[in-house]
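Read through the structure below, which is laid out as structure tokens, and then see the notes.
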Number of protein chains: 2
Amino acid sequence: MSAMEELDRQIVDLLVRDGRMSYTDLGKATGLSTSAVHQRVRRLEQRGVIRGYAAVVDPEAVGLPLTAFISVKPFDPSAPDDIADRLSGVPEIEACHSVAGDENYILKVRVATPLELEDLLGRLRALAHVATRTTVVLSTPYEARPPRV
Amino acid sequence: MSAMEELDRQIVDLLVRDGRMSYTDLGKATGLSTSAVHQRVRRLEQRGVIRGYAAVVDPEAVGLPLTAFISVKPFDPSAPDDIADRLSGVPEIEACHSVAGDENYILKVRVATPLELEDLLGRLRALAHVATRTTVVLSTPYEARPPRV
DNA sequence: CCTGAAAGGCCTGCCGG
DNA sequence: CCGGCAGGCCTTTCAGG
């Protein structure tokens with residue numbers, strides 16, 4: 001963040017750690033009045049610094065115990081790259097990053113079973129005309145740690 | 001998830017999309033009373049289905065425009081694997097996954113500049129006695145999409 | 001950009017089914 | 001496991017400095 005000063009930084013940090021913290025408590029933690037905090041949060045939201053709020057759920061607990069990274073490369077490198085668009089409707093994809101290196105994209109996906117992963121890979125290849133290279137996640141020591149903002 | 005029925009599924013889905021939704025609104029959306037929703041949310045929280053709530057922030061807006069995936073492999077494969085522990089204090093690491101394949105871990109990191117990435121790689125190698133292979137993210141079409149719970 | 005106050009809505013705990 | 005109610009707290013807005 002370029003133009004973000006200490007108070008905003010502090011508010012963002014608190015909200016990243018607890019997205020349901022009340023404005024009253026944010027005020028106590030920062031030494032501001034409730035309305036001042038509220039105002040700053042609104043500005044942070046509409047400036048796009050805060051994109052939204054989300055419950056963070058345990059993927060296993062919601063029936064998606066299998067995570068994998070799929071590197072993706074087009075069969076025809078000269079074709080226009082609409083891969084991200086073509087894949088945007090696939091719900092198993094949690095993230096899609098365009099990357100430097102041998103492959104073009106890295107996808108992070110979550111599925112219930114190896115069979116579903118196999119099926120997903122087939123759909124990805126057909127949908128986006130890509131070759132895939134899959135790295136299965138065995139365990140996740142930590143994930144989605146709050147950035148040191 | 002195994003023992004999660006429709007109502008819980010629905011509540012989790014709503015909270016993943018908007019982590020600040022009020023119990024009253026959750027009630028309206030699900031057809032339950034406020035207290036019934038509140039009860040279910042509390043159970044979901046203490047069963048660990050909902051791990052917490054977080055503001056989702058734009059990494060660029062908070063001064064971390066450079067994202068990378070770092071694959072990590074120990075110099076000495078016979079040494080006991082305490083890599084995840086050794087790296088747990090490094091704040092640039094947002095996620096650490098143990099994976100199947102040629103390398104042992106995939107880290108997702110965020111930094112401000114290429115220079116910081118270089119510095120980080122040096123620290124990782126020294127801290128955990130690992131070889132690294134880095135894939136720089138060029139752009140991110142989407143990320144942290146709510147799982148289809 | 002902040003504070004303070006006031007109205008309205010929400011949270012939360014406690015019963016009764 | 002659900003609904004309803006009541007007191008207290010939080011949110012939201014609006015003057016005013």
Side-chain angles (χ1 to χ4, degrees), chain A residues 1-64 112 144 146-149, chain B residues 1-64 112 144 146-149:
Chain A
M1 72 197 83
S2 6
M4 193 155 99
E5 87 235 22
E6 175 58 18
L7 274 167
D8 283 338
R9 202 203 53 73
Q10 207 174 333
I11 291 171
V12 169
D13 187 59
L14 289 162
L15 282 175
V16 163
R17 287 189 164 63
D18 178 5
R20 288 197 77 121
M21 199 166 172
S22 74
Y23 297 123
T24 308
D25 286 346
L26 286 170
K28 284 179 193 156
T30 55
L32 287 175
S33 71
T34 310
S35 11
V37 170
H38 194 187
Q39 230 171 104
R40 291 183 101 105
V41 171
R42 262 199 308 241
R43 271 208 314 279
L44 288 166
E45 286 169 357
Q46 67 187 48
R47 269 168 52 205
V49 177
I50 296 178
R51 285 194 182 149
Y53 304 87
V56 5
V57 308
D58 179 358
E60 296 198 22
V62 298
L64 299 170
R148 210 210 64 49
V149 46
Chain B
M1 90 176 46
S2 5
M4 192 155 103
E5 87 234 26
E6 175 58 18
L7 274 167
D8 283 338
R9 202 203 54 71
Q10 207 174 332
I11 290 172
V12 169
D13 186 59
L14 289 162
L15 282 175
V16 163
R17 284 187 168 65
D18 179 4
R20 288 196 76 119
M21 202 166 170
S22 75
Y23 297 122
T24 308
D25 286 346
L26 286 171
K28 284 178 194 156
T30 55
L32 288 173
S33 73
T34 311
S35 7
V37 170
H38 195 186
Q39 228 172 105
R40 292 184 101 104
V41 171
R42 261 198 309 243
R43 272 209 314 279
L44 288 166
E45 285 169 358
Q46 67 188 46
R47 270 166 53 203
V49 177
I50 295 178
R51 284 194 181 150
Y53 304 87
V56 5
V57 308
D58 178 359
E60 295 197 22
V62 299
L64 300 170
R148 211 210 63 52
V149 46

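Residue numbers start from 1 in every chain, and the chains themselves are labelled A, B, ... in the order their sequence lines are given, proteins ahead of strands.
- Taking the screw axis at each terminus of the helix from C:dC1-D:dG17 to C:dG17-D:dC1 from five consecutive base pairs, the angle between the two is 30° to within rounding of 10 degrees.
- The interatomic distance linking A:Arg40 (CZ) with D:dT13 (P) rounds to 19 Å, in whole Å.
- Of the residues in residues 16-29 of chain A, those placing a heavy atom less than 4.0 Å from an atom of DNA chain D are A:Ser22, A:Tyr23, A:Thr24, in numerical order.
- Under the rule for a side chain to side chain contact (heavy atoms under 4.5 Å, CB included), the partners of A:Gln39 that lie at least two apart in sequence or sit in another chain are A:Arg42, A:Arg43.
- When the nucleotides C:dC2, D:dC1, C:dT12 are ranked by their closest atom to the side chain of B:Thr34, C:dT12 comes out on top.
- The minimum heavy-atom distance linking B:Gly63 with B:Ala112 is given by the pair O-CB, 3.4 Å.
- The phosphate of C:dG13 (OP1 or OP2) has a side-chain N or O of B:Arg42 nearer than 4.0 angstrom.
- Regarding contacts with the backbone of D:dC1, a side-chain N or O of B:Arg43 is found under 4.0 angstrom from either OP1 or OP2.
- Note: B:Gln10 CD to B:Arg40 CZ = 10.0 Å, rounded to the nearest 0.5 Å.
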For nucleotides 14-17 of chain D, print each protein N/O atom paired with a nucleotide N/O atom at under 3.5 Å, atom names and distance only.
none

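- Taking all atoms of both residues into account, the shortest heavy-atom contact from B:Arg20 to A:Ser22 is NH2-CA, 4.3 Å.
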Quiz item: How far apart are the C-alpha atoms of A:Asp8 and A:Val49, what are their side-chain angles, what is the distance that settles it, and do they pass the side chain to side chain contact (heavy atoms under 4.5 Å, CB included) test?
Solution: CA-CA 10 Å; A:Asp8 283 338; A:Val49 177; over 6 Å; no
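- The side-chain hydrogen bond (donor to acceptor under 3.5 Å, both in side chains) search around B:Asp18 returns none, not counting sequence neighbours.
- Closest non-hydrogen pair, B:Leu64 versus A:Pro147, comes out as CD1-CB, 4.0 Å.
- A salt bridge does not link A:Arg9 to A:Asp13: none of the charged nitrogens lies less than 4.0 Å from a carboxylate oxygen.
- The nucleotide whose nearest atom lies closest to any side-chain atom of A:Ala36 is, among D:dT11, C:dC2, D:dC1, C:dC2.
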N/O donor-acceptor pairs under 3.5 Å from side chains in residues 23-38 of chain B, not counting sequence neighbours:
residue: B:Thr30; atom: OG1; partner: B:Leu26; partner atom: O; Å: 2.7
residue: B:Thr30; atom: OG1; partner: B:Gly27; partner atom: O; Å: 3.4
residue: B:Ser33; atom: OG; partner: B:Ala36; partner atom: N; Å: 3.2

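- B:His38 has a side-chain polar atom (N or O) that falls below the 4.0 Å cut-off from OP1 or OP2 of C:dT12.
- Interatomic distance, B:Asp58 CG to A:Leu44 CG, rounded to the nearest 0.5 Å: 11.5 Å.
- With rounding to whole Å, A:Leu32 atom CG is found 17 Å from D:dC10 atom C1'.
- Closest of all the heavy-atom pairs between B:Val56 and A:Tyr53 is CG1-N, 4.1 Å.
- In this structure, A:Ile11 places its CD1 atom 12 Å from P of C:dC1, rounding to the nearest Å.
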